[in-house]
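Just so it is clear: chains get the letters A, B, ... in the order the sequence lines come, proteins before strands, and each one is counted from 1.
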Amino acid sequence: MDNAHYANILEDVASLLEIKGSNRFRVRAFENAAQTLSRLSDSVESYLEEDELESISGIGDSIAEDIRQIHETGTCEARTELLDELEPGLLDLLDLQGLGPKRIATLYETLDIASIEALREAAETGRIQELDGFGPKTQDNILSEIERLADRSGRTPLPAAHRIARSFRDRLVDHDAVDRLEIAGSLRRGRTTIGDIDLLVATDTPEDVADVFVEAPDIDDVMLRGKAKVSARLIDDTQVDLRLVDPDVFGAALHYFTGSKQHHVQLRTRAKQAGYKISEYGVFEQENEDEPVAARTEQEVFEALDLDYIPPELREGIGEIEAAARGDLPDLIEPADVRGDLHMHTTASDGSASIREMAEAARDWGLDYIAITDHSQAVTVANGLTPERLESHMEAIDEVDEAISGIEVLTGLEVDILEDGELDMDHDLLAACDWVVGSIHMQLDLEPEAMTDRLLRPLETDLLSSIGHPTGRILGGRDGYEYDEETVLETAAEHDVAMELNGSEGRLDLDADRARRAHEQGVELVLGSDAHSTGGFEALQWAVQQARRAWLTTDDLVNTRSPDDLLGASA
DNA sequence: GCCGTTTTCGGCCCGACTGTTTTCAGTCG
């Protein structure tokens, strides 16, 4: 059972308790525990084995017992009893924006509504607006929310969300009324998928900025508009929130709107203990709420709380505040630290540019070296290389390397790891390559045991330099394949095989949590653009951001080394 | 339900916006 399962069960308990009207701090305890488990860098199972659940902050005797029950039975008594008392369909209703536990409780108690279908029928027959505290507007909103939920596309992958955010930024940033503009929210923190896009604008005339914003052509519906906040839904169903703040408090607001929620809860609790109050308007002394002690910049905000500056990627409430207090934050990798890219394709397989074109584009991007890693023959749809073609391809790569200046071009291959763990290429050719990425592209639905063996076998050949996109997940598409992560990482560390942080649009694989675990197990990490065109190097920035979310420094990543160090280390 | 460089009891983050209301509850992030 993975951590997400434990978190989901506890989240259900929290939601059901809330609908039932239980003590809100008890509800929060379950919410908090669920959050903590889902962001844990080690597995819940490992805490269970060591009998150390209670050592996790936010897990006490009672929730630890619930977790043990989930381990034994898949669920816990608390949840079972609540579901007996209430109804499972109530949990679905919480997915509707604008409907929270209080109103759901009212609907359940007065109209016996416990499913989306029952809610739709009650709204369509006009029974909702008759209830106390509800009205025609609420009833309409419920109906349109049900419709939206039915065809919602879910969360937007980070790179796509960035494109949307940048288009709004470009439209607004040069306007006279805009003093400063930043993209905030989970996008700034670099989460792999984005629920909604947050834009923060410093301005003295918020109305003017709002006027420009709502005129954007891709806005379908302006859902709310106040002096400080405008929310709009785009044609593609993405939600964009525009926050309008006074320039004097921009730093405090940027910190506030960057989140995460967990980070804020922890930071405010800490501030309160030290006699301060934090809001989006600044850090205030509890006795003096008129004049903030910090507000202009994020640096000031952290300084006022006696903390080192915490980069946005770390603000997830998973120990960054404690580390900042100790002066112990990692010196995170920066985009400029990346010297090489070790995963890309050319026209020899399914890329759209030649070796030379890719090399020139990489040089323009500021890289010192690249490895050309086209597909092997098993990937027929991508025109994968046979041994004969690889031999001549390697010669062509060497020729470009000789002819071009300012960048080193290494020979390589993205070799398929076949169903039985065999590598899809002659071993002597693999040994002759500078860099070999081993990847799985087919037969993704093996049992975890078989998938584990499939990965262990090639690792033990010592022919691989890295494992490409190690889980195979597609954002908004399929989940990754399952295998025994701990054993695979252990073996990778033993055989000096790096795990990839693949930055390509739909993958971002490994994700930050897995990358952090890999690092903690002594496995090296390598950034890969998986570029299929000269524009594909942009993916490196997403890979860097995920590496930052994984608390990684320059030393932890293979790509920051010189080519000599790299090849010496991998030989 | 959890937690403690004030605490093993008494607290637990903060403010904006909407839709319903004659002053505010509910929801969201």
Side-chain angles (χ1 to χ4, degrees), chain A residues 10 13-14 17-19 21-36 53-67 76 78 93-107 128-142 145 184-186 189 194-198 200 206 210 222-231 239-245 249 252-253 255-284 286 289 305-306 317 321-322 325:
Chain A
L10 296 180
V13 174
L17 284 172
E18 211 173 358
I19 291 169
S22 301
N23 178 297
R24 64 200 172 100
F25 298 111
R26 190 172 170 220
V27 172
R28 188 187 295 166
F30 278 98
E31 270 173 0
N32 188 30
Q35 268 293 326
T36 302
L53 279 176
E54 287 92 338
S55 73
I56 304 171
S57 172
I59 310 289
D61 291 345
S62 171
I63 292 185
E65 176 54 28
D66 293 332
I67 291 173
C76 61
L93 300 183
L94 279 168
D95 290 337
L96 297 165
Q97 285 270 328
L99 214 51
K102 291 280 183 4
R103 284 184 173 145
I104 289 173
T106 305
L107 291 166
I128 305 284
Q129 59 180 348
E130 307 296 328
L131 297 175
D132 275 354
F134 292 74
K137 205 88 178 213
T138 304
Q139 179 170 285
D140 283 355
N141 287 344
I142 285 173
E145 258 303 302
S186 52
R189 302 201 310 280
I194 305 301
D196 50 39
I197 293 169
D198 288 292
L200 180 67
V222 176
M223 296 181 297
L224 65 88
R225 179 169 177 171
K227 285 197 296 292
K229 176 179 178 180
V230 185
S231 278
Q239 183 176 327
V240 182
D241 292 340
L242 175 70
R243 316 283 186 153
L244 302 155
V245 303
V249 302
H255 174 255
Y256 177 81
F257 291 117
T258 296
S260 65
K261 190 175 167 184
Q262 285 296 107
H263 173 81
H264 281 307
V265 169
Q266 292 179 14
L267 195 66
R268 287 186 183 150
T269 304
R270 181 190 165 85
K272 198 161 184 175
Q273 285 162 358
Y276 294 107
K277 189 190 80 162
I278 312 178
S279 75
E280 59 263 54
Y281 300 109
V283 180
F284 298 84
Q286 273 161 13
E289 301 208 355
L305 300 167
D306 207 17
I321 294 169
E322 294 82 349

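Contact annotation for A:Phe257: no contact, since no heavy-atom pair falls under 4.0 Å across all strands. Residue A:Ser231 is out of contact with every strand shown, counting any heavy-atom pair closer than 4.0 Å. Nucleic acid contact class of A:Asp241 (heavy atoms, under 4.0 Å, all strands): none. Residue contacts shown for A:Glu280 are limited to sugar-phosphate atoms, with no base heavy atom under 4.0 Å away. Within 4.0 Å (heavy atoms only), A:Leu94 reaches no atom of the nucleic acid at all. Looking at heavy-atom distances under 4.0 Å, A:Arg225 makes contact with sugar-phosphate atoms alone, never a base. Within 4.0 Å (heavy atoms only), A:Leu267 reaches no atom of the nucleic acid at all.
Counting only heavy atoms from C-beta on, A:Asn141 has its side chain closest to B:dG19 among B:dC12, B:dG1, B:dG19. For A:Pro136, whose side chain is taken as the heavy atoms from C-beta onward, the closest listed nucleotide among B:dG15, B:dT20, B:dC2 is B:dT20. Across B:dT20, B:dC14, B:dG29, the shortest atom-to-atom separation from the side chain of A:Gln97 is found for B:dG29. Here the side chain of A:Leu224 is nearest to one of B:dC17, B:dG1, B:dC12, namely B:dC17. Across B:dC17, B:dG26, B:dG1, the shortest atom-to-atom separation from the side chain of A:Ala228 is found for B:dC17. The side chain of A:Lys102 sits closest to B:dG26 out of B:dC12, B:dT20, B:dG26. Of the candidate nucleotides B:dT27, B:dC14, B:dG29, B:dG29 has the atom lying nearest to any side-chain atom of A:Arg243. Side-chain proximity of A:Phe25 to B:dC12, B:dC14, B:dT18: nearest is B:dC12. Closest contact between the side chain of A:Ile63 and the listed nucleotides B:dC14, B:dG19, B:dG1 involves B:dG1. Between B:dG1, B:dC14, B:dC3, one nucleotide has an atom nearer to the side chain of A:Lys277 than all others, and that is B:dC14.
Here the side chain of A:Gln139 pairs a donor or acceptor atom with the backbone of A:Gln129 at under 3.5 angstrom. Remark: side-chain polar atoms of A:Glu145 are paired, donor with acceptor, to backbone N or O of A:Gln97 under 3.5 angstrom. Remark: side-chain polar atoms of A:Gln266 are paired, donor with acceptor, to backbone N or O of A:Gly317 under 3.5 angstrom.
Taking the P atom of each, B:dA25 and B:dT21 are spaced 13 Å apart, rounded to whole Å. To the nearest whole angstrom, the two C1' atoms, one in B:dC17 and one in B:dT23, are 16 Å apart. Comparing the same atom, C1', in B:dG11 and in B:dA16 gives a spacing of 26 Å after rounding to whole Å. For the P atoms, the distance linking B:dC14 with B:dC9 amounts to 25 Å, nearest Å. The same atom, C1', is picked in B:dT8 and in B:dG4; the two are 8 Å apart, to the nearest Å. Comparing the P positions of B:dC12 and B:dT18 gives a spacing of 29 Å, expressed to the nearest Å. Nucleotides B:dG1 and B:dT5 have their P atoms positioned 23 Å apart, rounded to a whole Å. To the nearest whole angstrom, the two C1' atoms, one in B:dG15 and one in B:dG10, are 25 Å apart.
A donor and an acceptor atom sit less than 3.5 Å apart, one in the side chain of A:Tyr256 and one in the base of B:dG29.
In this structure, CD of A:Glu145 is placed 12 Å from C1' of B:dC28, rounded to the nearest angstrom. Counting to the nearest Å, the P atom of B:dT27 and the NZ atom of A:Lys137 are 18 Å from each other.
Base-pair partner of B:dC3: B:dG10 (Watson-Crick or G-U wobble, both distances under 3.5 Å).
When the shell of 6.0 Å around CG of A:Asp132 is examined, it contains 12 or fewer heavy atoms from other residues, nucleotides or ligands.
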